[in-house]
Structures are given as structure tokens and as C-alpha cells.
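As the structure is a computational prediction, the values presented were derived from the model and not from experiment.
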Amino acid sequence: YQRRVHGDNTLTKMMVSRISIKHTLRSRRFFSTQSGKKYDLVVIGGGPGGYVAAIKASQLGMKVACVEGRDTLGGTCLNVGCIPSKALLNASHMYHETQHHFPKLGIVAKDVSVNVGDMLAYKNKAVGGLTRGIEGLFKKNKTEYVKGFGTITSPNEVTVALKNGTIEKLATDNILIATGSVPSSLPGIEIDEEKIVTSTGALDLKQVPKKMIVIGGGVIGLEMGSVWSRLGAELTVVEYLDRITPGIDREVSDSFMKILQKQQFRFKLSTKVNSATKTAKGVSLKVAPAAGGPEETLEADVVLVATGRRPFTQNLGLEKMGIKMDGPRVAIDHHFRTNLPNIYAIGDVVAGPMLAHKAEEEGIAAVEIMAGKAGHVNYNAIPGVVYTHPEVATVGQNEEDLKKQNIKYKVGKFPFMANSRARTNDDAEGFVKVLTDAETDRILGVHMIGPNVGELIGEAVLGIEYGASSEDIARTCHAHPTLSEAMKEACLAAHDKPIHF
């Protein structure tokens, strides 16, 4: 028998085919075995939500198995998402600094060039170290790692197609679905991960394209576009909406776009993609105004399709088990339970933002509930970060949200241009924006664009989690000179008046 596997090593279906007698001795056979073990929890999926949930459950005294279909743990985030993209963003930023910032600092760097192969090797080394680290954490916490594709075959059983070609059945009291998501595409566009790529292919291009088109002005497209733009690609972003980064505070989003335009990004907003055709030289893209109008042809060496992601729920046995769906997502209650009370779901397969840290929080809460504890996730305190330069970070409600709800609010803003550390570093684009309740002064949302705001947002998340007022943070001493003083000053502006602006 033969097992057919997709290129990303995710087993999507078992296909049995007859082969000739002369090859029989070399063939694989599937033998079904019962592990003889009974688990308190089997987690399907070893990404951030799944592996964190598995470790936490083990720490709570449960006997746990985590089933993962990839060759390594960490899911999309560690293997082909958050981690490798940040490695390339860091490396490309360093190169860009040598070209554009070093001379201002009195540093002369001659003959600096890019070796894409070495850069990819640096990225792969970071990924490999972290994925092996998760295996070490599993051993430390006595969490069993099962390598294979898991399917729910009864409310208390997960059947795993193991990597060694056999089948194993895992008996369990509880099941947690944490299978994440995969890139979505557009109708009629064929992904080959060479000329027409998803974020996975964009992480592994063997050379810098002369021209690159990104379809989609969201986080993934802008981050990966930044990488290759810094390394020398001429970049165009095609976005169906009339703005980039939908869902982010509009003032921040508009400022972000202006900054990216200064970095030579080209934007075609309110534009739809009709087709993408591979040619001898690259890709020919047919686009037109979203509202209707004449078609235009764009040419590129590489096209990145970054139109979002969709939950991965295929071949998990959900339909056969009668597990209810919420569109493409798994339907759950406020305790992460499906309609089958011992089967839970978290992360990208359920409603909410597709973020690794959101999945982690849900995983911990879900297993705490299984253990009889009070697991909870405050969805208003889930931060979002765009790791471009400058970075964008946001948490809580934005102005558009508050206006729709007719909530009276105050705005406190502070520009990094007035922050001494940012000015000293010659990296002062952007601002911090704090939104507070007009009557109580409680912080409702914080939105930042500027240097290292992905780190600064943590203070805002903590403030929202504990119901802080802007006065609470404004009266808290912040070290000087630091970028964090911009948060203090923005809170001063919301509560009263800033000192340094």
C-alpha cells in the first residue's frame, strides 16, 4: 500500500492502490494497533495552542498525548509562520540599516551585499532550535508526542496514521482540536510556491525578485513584502478594500501606509484580482477596480497571495462525529466545548483572531476547565502586532468600535518625535494613542505605531486586563530615557496634559 502526503507533510487522505507483485516486498502495510494506554487528554495538533495546552494539562496531572502530522512540533507559527518570518524581518532590517541608516551614525559600511542562501540558513537554524526545544519541554513534562495524523473516530478515541506507516488508536477521556489554519487563496489562482507563492513559499525564495506583487494588504502580506522590499525587490501591494490592515485603528492604519510609501511600497487599493498566469519571465496579473472598470495587467517575477487563512478541519472526522460547525470553524460554547461535551476546540479552528498567543491562552483555559478549574480568556486584552519597521501594535477597542457603540471616550496621543530615546536613536516615526472612557478614565484601547511597539504593548495589555485608568499608568514611574515613556505621556494626555509635548 502507498500513503500519499502533501508537500507540507500534512497527511490529508489515505489512498490505497494495488501495486505489482515485483514491488510487494518493498511496499508499506498499515497495521492497526491499540496502544493499551488510556489518556486523560489527546490533543490533535502540535502548534502553539496544542503544544501549550498539552504541557499545561501534563502540569495539572493529566496523562496527555499530543498528535502532530508535521515532522516537527510548533505548527505553522514555528515552522512556516511567526518565527521564520521574524528571522527574515530581522536580517533584512539589519541589511537595510547598513544601506540607509549607518551613514547618518558615522558608520561607513562598504561593499555590503546579501547572500540569500546564508540568510535562509540563519532562519532555518532559528526554527530548528525552537522546534527541538518543544520536544524537550514535552520530555520534561512527561507529555507523549505522537507523530502522525489524527482523526476522531469516537467521542473517546483518536485514530492516528503514524509516520511509520501503521495505525494506532488512542483511548481518551477528552479530546482537544487544535489543528490551526492554512493559507487561503483566490479562485482561479494556482499556487506553485515558486512564482505564485503563499507565505510558506515567500519564506524560502532562493533569490531576491526584481518585481514582487503582494495580493492582500494585511499583516502577512506587509511583513513578507517588507522583507523582500528591503532586500531590493520593487514591491506593489494590491488590496481589494480601500485601506490596508483592516481592523486596526484607522488613524494608525493611514499613518502606517504613508510610512510604507516612503519605503517605496506601491499600493493599488480598491482593486480586485481577476487572474494570475505564469509566464516564461514570471507572472502576469489581471486586475481591475473593485467597483468595476477597465482591466489592467501587472507583471512580476513573484506574486505573493496573502489573502488570509482558513481553519484546517479536513479529515478530522468532524462530520462523521456530528460535531457542529460555525461556517468553516468549529462551533464551541464559552468553555471551548463542542456539542460533544468531552471534545473541545481552540485556536484558529474557532472564532476570533488567528493569533498564536490567542490560541495559547485558549489552550490553557480549556485544560484548566477540564481539570475543574476556572479557565478564562479576556478577548479584549489580546494584542495584535505587525512586525514591520516601524512596528504596529494594538489592543482593545479602536475609535471606529467605540463610535459604533456610542461610547463616549477621550483620546490621548504622544508622538515618538517628542520621545528622547526615539530621537537619540534617530528612529522616531509614529505615536502612541490611548482611548479611555470619558466618565471613568478606564483604558478602552491602546494603538501604537513606532519603534519596538510590539514590546511596549505589553504594558497596555496589562492595564486593560486589570481595568487600569490612564491616570494609573500616568502616575507610574517609567525609566528615562526609554521608549516606554511615550505610553506614560499618552496616558497623561488622556487624563490631563502631557509634559513633553
Side-chain angles (χ1 to χ4, degrees), residues 80 85 88-89 92 95-96 99 114 116 182-248 253-310 386-389 392:
V80 289
S85 65
L88 292 184
L89 281 161
S92 61
Y95 173 71
H96 190 266
Q99 305 298 301
V114 174
V116 175
V182 293
S184 58
S185 186
L186 295 174
I189 294 182
E190 183 180 345
I191 306 292
D192 66 359
E193 299 295 13
E194 291 181 0
K195 291 183 177 181
I196 303 177
V197 301
T198 64
S199 55
T200 301
L203 289 166
D204 207 30
L205 298 178
K206 299 301 184 287
Q207 61 184 17
V208 180
K210 292 181 179 179
K211 290 185 177 182
M212 185 177 197
I213 295 174
V214 176
I215 304 175
V219 175
I220 295 172
L222 297 179
E223 286 186 354
M224 293 312 305
S226 288
V227 168
W228 296 106
S229 174
R230 293 168 185 168
L231 298 180
E234 181 183 305
L235 192 79
T236 301
V237 178
V238 179
E239 169 57 50
Y240 185 82
L241 300 177
D242 64 350
R243 57 171 295 184
I244 62 171
T245 56
I248 288 179
S253 181
D254 290 345
S255 178
F256 185 30
M257 181 170 152
K258 290 176 182 177
I259 292 171
L260 292 177
Q261 285 174 323
K262 288 193 289 184
Q263 296 176 11
Q264 307 306 312
F265 275 55
R266 298 177 181 177
F267 291 95
K268 294 187 73 66
L269 304 181
S270 301
T271 302
K272 63 181 179 180
V273 176
N274 290 333
S275 67
T277 305
K278 287 183 285 186
T279 66
K281 294 183 178 180
V283 183
S284 179
L285 206 67
K286 300 288 187 182
V287 301
E295 196 171 65
E296 178 186 1
T297 301
L298 304 177
E299 304 289 343
D301 300 289
V302 173
V303 169
L304 166 59
V305 181
T307 52
R309 299 181 65 83
R310 56 182 174 82
V386 188
Y387 296 90
T388 49
H389 191 87
V392 175

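Looking only at side-chain heavy atoms (C-beta outward), K268 and L298 come within less than 4.5 Å of each other. The shortest distance between side-chain heavy atoms of L222 and L260 falls below 4.5 Å. Side-chain atoms of P183 and V305, non-hydrogen and from C-beta on, never get closer than 4.5 Å to each other. Between I244 and L269 the shortest side-chain heavy-atom distance falls below 4.5 Å.
A side chain to side chain contact (heavy atoms under 4.5 Å, CB included) with V303 is found for one member of I189, V214, I215, I191 and no other, namely I215.
With rounding to the nearest 0.5 angstrom, the OG1 atom of T277 is 10.5 Å from the CD atom of E190. Annotation: the span from T297 atom OG1 to K286 atom NZ amounts to 3.0 Å, rounded to 0.5 Å. Separation of atoms CD (E239) and CZ (F267) is listed at 9.5 Å; rounding is to 0.5 Å. Of the inter-residue distances, the one linking M212 atom CE with M224 atom CE reads 6.5 Å to the nearest 0.5 angstrom. A distance of 12.0 Å separates CH2 in W228 from CG in D301, rounded to the nearest 0.5 Å.
With 3.5 Å as the limit, one finds a donor-acceptor pair spanning the side chains of T245 and S253.
Counting heavy-atom neighbours within 6.0 Å of E299 CD, excluding the residue itself, gives a total above 12. Crowding of Y240 atom OH: a count of heavy atoms from other residues, nucleotides or ligands under 6.0 Å not exceeding 12.
With salt bridges taken as basic N to acidic carboxylate O contacts below 4.0 Å, one links E234 and R266.
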Hey, mind stepping through L205 and V116 against side-chain contact (heavy atoms from CB on, under 4.5 Å) and telling me if it holds? CA-CA 8 Å; L205 298 178; V116 175; 6.0 Å; no
